[in-house]
Amino acid sequence: MLDIQLLRNDLDGVAERLATRGYTLDCAGFRRLDSERKTLQTRTQDLQARRNALSRQVGVAKSRAEDVTAILDEVAACKAELETNEAHLDQLLAELDAFVARVPNLPQADVPLGRSADDNVENKRWGTPRSFAFTPRDHVDLGEALGQMDFAAAVKISGTRFSLIKGQLAHLHRALAQFMLDTHTAQHGYAEIYSPYLVNAASLFGTGQLPKFEDDLFKILRPEAEPLYLIPTAEVPVTNIVRNEILSAEALPLKFVCHTPCFRSEAGSYGRDTRGMIRQHQFDKVELVQIVAAEASSAAHEELTAHAERILELLELPYRRVTLCTGDMGFSSAKTYDLEVWLPAQQAYREISSCSNFAAFQARRMQARYRGARGRPELVHTLNGSGLAVGRTLVAVLENYQNADGSIAVPRLLQPYLGGRQRIAVD
RNA sequence: GGAGAGGUGGCAGAGUGGUCGAAUGUACCUGACUCGAAAUCAGGCGUAGGUGGAAGCCUACCGUGGGUUCGAAUCCCACCCUCUCCGCCA
């Protein structure tokens with residue numbers, strides 16, 4: 001959420017910066033709402049002040065056993081106006097809140113301008129895509145030939161966009177998550193979190209998934225209780241650890257890593273990536289989250305992204321890093337790096353991690369603060385990134401490490417996690 | 001699931017209808033004392049919004065949302081959450 005003061009003070013400047021990400025800010029609408037609010041709020045507060053003063057007089061007069069009917073009449077006179085004003089003001093404030101809650105974050109100044117993914121800027125490439133002496137197969141062919149990937153079973157059990165893996169591939173999937181967790185906790189200083197997979201609406205509002213993106217979520221309705229939502233990413237439960245908290249400056253930075261399944265309805269992506277495990281209703285992800293002081297967030301963003309890159313490097317998977325342009329960034333992000341892994345069957349780099357700095361955008365929604373040098377509570381900055389998406393990492397390992405006979409070499413550092421196994425083949 | 005207790009400022013903890021945004025303690029900040037520190041003493045110290053050049057003034061907030069009242073932290077209703085005991089359960 002943007003600071004409503006910023007909208008009041010520099011509406012045109014905000015609109016200009018939001019236009020770079022393809023968002024049209026309804027300036028006229030905001031000005032109308034806010035000026036109406038201002039008039040009404042001033043009037044309402046005057047009436048409240050008068051009522052409070054008169055009510056105090058009642059108390060004083062009564063303690064002196066004086067007649068109070070004249071004062072009571074006067075209060076009654078302003079009460080009707082006060083009540084309609086208060087009701088109208090509440091409604092206006094709610095409209096303003098709703099308006100601001102749907103405005104996306106401002107892009108950081110160094111984010112490249114652009115309209116779509118075509119305008120994203122490649123920052124670096126790591127590794128050299130392997131040249132194959134045979135035509136590399138994609139992960140679906142490989143997995144099904146191994147007898148360890150069964151999409152038909154997944155469709156029968158649940159429906160489309162689910163997957164089922166078994167045997168050594170299921171073990172490899174587990175090993176990847178373990179390896180990522182171990183690396184981030186032992187080498188990068190993250191504290192491991194185990195979190196709920198069902199969260200309430202307030203948490204989703206905090207990280208920015210609600211109110212705008214409810215269609216992307218799986219929602220559990222409960223007749224006698226608040227609805228719960230399946231988490232679309234561990235970002236939601238983990239970042240919300242600090243919701244409504246005031247942290248001490250010494251407690252920062254907080255660095256959390258959390259492995260969870262993620263659930264996405266993928267509404268609006270029908271027909272995209274329908275084959276295989278690339279785009280699923282359910283997938284596992286190891287998520288990195290940092291909660292930092294305001295001035296530290298840009299450096300933390302570089303650091304967190306490097307931590308995610310480290311996993312790809314240790315697994316010796318070629319990748320590139322791109323900076324998302326203004327038009328391609330997510331709603332809450334101030335700046336995002338995507339990491340894209342090389343998939344030989346597609347002859348393309350595909351997203352495997354997204355690392356974002358949200359600045360104070362989520363913190364303002366969550367009221368997550370710390371006591372800084374000035375002693376006053378200040379909003380923290382929040383960041384997160386995939387470190388990495390486990391399912392897509394499995395896909396990348398299968399495709400990059402495949403042999404001509406359809407077996408899969410196990411990346412060196414994963415071998416201890418698989419009991420020393422060097423090769424995955426038909427059971 | 002049943003019974004009971006409770007949610008107040010960074011923390012602890014008073015306050016059961018009338019200048020209560022809230023005693024007190026503690027933490028923190030400033031000053032005095034000190035070579036310095038501790039102890040002591042004095043003062044300050046919640047959040048958000050409005051208005052004003054500023055000092056200031058005003059409004060809202062005592063889990064959340066409603067209600068009663070001239071006036072609500074305090075009374076009533078609903079909800080959320082926490083704790084204790086019992087039951088059940090991995």
Side-chain angles (χ1 to χ4, degrees), chain A residues 1-9 11 30-31 33-101 194 196-206 210 220-229 237 240-252 254 291 293 360 363-380:
Chain A
M1 201 158 62
L2 298 180
D3 186 354
I4 196 163
Q5 298 296 355
L6 185 63
L7 292 175
R8 285 177 185 147
N9 297 335
L11 189 63
F30 179 82
R31 284 206 177 89
L33 266 180
D34 196 52
S35 75
E36 201 179 341
R37 181 220 104 239
K38 196 164 171 171
T39 313
L40 198 60
Q41 184 166 357
T42 311
R43 177 66 185 147
T44 303
Q45 292 186 352
D46 285 347
L47 287 167
Q48 285 170 330
R50 183 139 160 264
R51 178 205 58 199
N52 290 346
L54 290 170
S55 291
R56 273 195 289 271
Q57 285 178 34
V58 172
V60 173
K62 275 194 171 172
S63 69
R64 294 184 195 139
E66 293 170 1
D67 180 41
V68 295
T69 51
I71 308 175
L72 292 185
D73 287 348
E74 207 180 335
V75 181
C78 72
K79 198 177 177 183
E81 188 187 353
L82 181 57
E83 276 174 2
T84 53
N85 275 20
E86 278 179 338
H88 190 186
L89 181 62
D90 282 352
Q91 186 200 324
L92 269 177
L93 289 174
E95 280 178 48
L96 266 176
D97 281 349
F99 182 98
V100 178
Y194 171 79
Y197 301 158
L198 296 173
V199 294
N200 56 33
S203 294
L204 287 156
F205 179 87
L210 288 181
I220 314 283
L221 292 169
R222 298 185 295 173
E224 300 294 333
E226 298 283 298
L228 290 171
Y229 299 79
N240 273 279
I241 289 171
V242 297
R243 173 153 56 90
N244 289 329
E245 299 292 335
I246 299 178
L247 307 161
S248 69
E250 303 81 64
L252 302 179
L254 292 171
I291 313 290
R364 188 171 290 107
R365 297 168 87 90
M366 291 191 298
Q367 284 302 296
R369 294 169 293 177
Y370 71 107
R371 233 169 251 285
R374 285 178 288 284
R376 293 173 53 78
E378 296 177 55
L379 295 168
V380 298

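Residue numbers begin at 1 in each chain, while the letters A, B, ... track the order of the sequences.
The distance between atom CG of A:L247 and atom P of B:C11, rounded to the nearest whole Å, is 12 Å. Rounded to a whole Å, the CD atom of A:E226 is 8 Å from the P atom of B:C81. The distance between atom CD of A:Q48 and atom C1' of B:A72, rounded to the nearest whole Å, is 14 Å. To the nearest angstrom, P of B:A60 lies 16 Å from CZ of A:R37. Counting to the nearest Å, the P atom of B:A60 and the CG atom of A:L82 are 9 Å from each other. Between the P atom of B:G49 and the CG atom of A:D3 lies a distance of 7 Å, rounded to the nearest Å. Atom-to-atom, CG of A:D46 to P of B:C57 comes out at 16 Å; the value is rounded to the nearest Å. Put simply, CG on A:N244 is 15 Å from C1' on B:G9, counting in whole angstrom units.
On the P atoms, B:A3 is 14 Å away from B:C79, given to the nearest whole Å. Distance check on atom P: B:A48 versus B:G10 gives 11 Å, rounded to whole Å. Spacing of C1' atoms, B:G46 relative to B:A73, comes out at 16 Å, to the nearest Å. Taking the C1' atom of each, B:A5 and B:G43 are spaced 41 Å apart, rounded to whole Å. For the C1' atoms, the distance linking B:G17 with B:G13 amounts to 22 Å, nearest Å. B:C33 and B:G21 have their C1' atoms separated by 34 Å, given to the nearest Å. Taking the P atom of each, B:G9 and B:U47 are spaced 13 Å apart, rounded to whole Å. Taking the C1' atoms as reference points, B:G31 lies 15 Å from B:C45, given to the whole Å.
In this structure, the side chains of A:I4 and A:R8 come closer than 4.5 Å at one or more pairs of heavy atoms. Using a 4.5 Å heavy-atom cutoff, the side chains of A:S203 and A:R243 are in contact. Counting heavy atoms from C-beta outward, A:Y229 and A:I220 have side chains that stay 4.5 Å or more apart. A heavy-atom distance below 4.5 Å is not found between the side chains of A:E36 and A:L40. Counting heavy atoms from C-beta on, the side chains of A:L92 and A:L33 come closer than 4.5 Å.
For A:N52, no side-chain nitrogen or oxygen approaches OP1 or OP2 of B:U19 to under 4.0 Å. Look at A:Q41 and you won't find any side-chain N or O under 4.0 angstrom from OP1 or OP2 of B:C58. A:R43 has no side-chain polar atom (N or O) that falls below the 4.0 Å cut-off from OP1 or OP2 of B:U59.
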Polar atom pairs (N or O), protein with nucleotides 66-70 of chain B, under 3.5 Å:
residue	atom	partner	partner atom	Å
B:C70	O2'	A:S55	OG	3.0
B:C70	N4	A:K62	NZ	3.3

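Within 4.0 Å (heavy atoms only), A:R50 reaches no atom of the nucleic acid at all. Among the atoms of the strands shown, none is found under 4.0 Å from any heavy atom of A:E86.
Side chain of A:R51 to main chain of A:A76: no donor-acceptor pair is present (N/O by atom type, distance under 3.5 Å, no hydrogens or angles). The closest donor-acceptor contact from the side chain of A:R369 to the backbone of A:P377 lies at 3.5 Å or more, if one exists at all.
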- Between A:R37 and A:E95, does a salt bridge (charged side-chain N to carboxylate O under 4.0 Å, His left out) hold up when you go through it step by step? CA-CA 10 Å; A:R37 181 220 104 239; A:E95 280 178 48; over 6 Å; no

- Query: What do the steps show when you test A:E245 against A:Q367 for side-chain hydrogen bond (donor to acceptor under 3.5 Å, both in side chains), and what is the final call?
  - Reply: CA-CA 7 Å; A:E245 299 292 335; A:Q367 284 302 296; over 6 Å; no

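Of all nucleotides listed (B:U47, B:G50, B:G10), B:G50 comes nearest to the side chain of A:Q45.
Counting all heavy atoms, side chain and backbone alike, A:L252 lies closest to A:I291 at CD2-O, 3.6 Å. In terms of heavy-atom proximity, A:R364 sits nearest to A:M1 at NH1-O, 2.7 Å.
For RNA chain B, the stems formed by at least three consecutive Watson-Crick or G-U pairs, with both atom-pair distances below 3.5 Å, span B:1-7 with B:80-86, B:10-12 with B:24-26, B:28-32 with B:40-44, B:46-51 with B:56-61, B:63-67 with B:75-79.
Sequence order on RNA chain B of the closest nucleotides to A:T42 and A:V60 puts A:V60 first from the 5' end.
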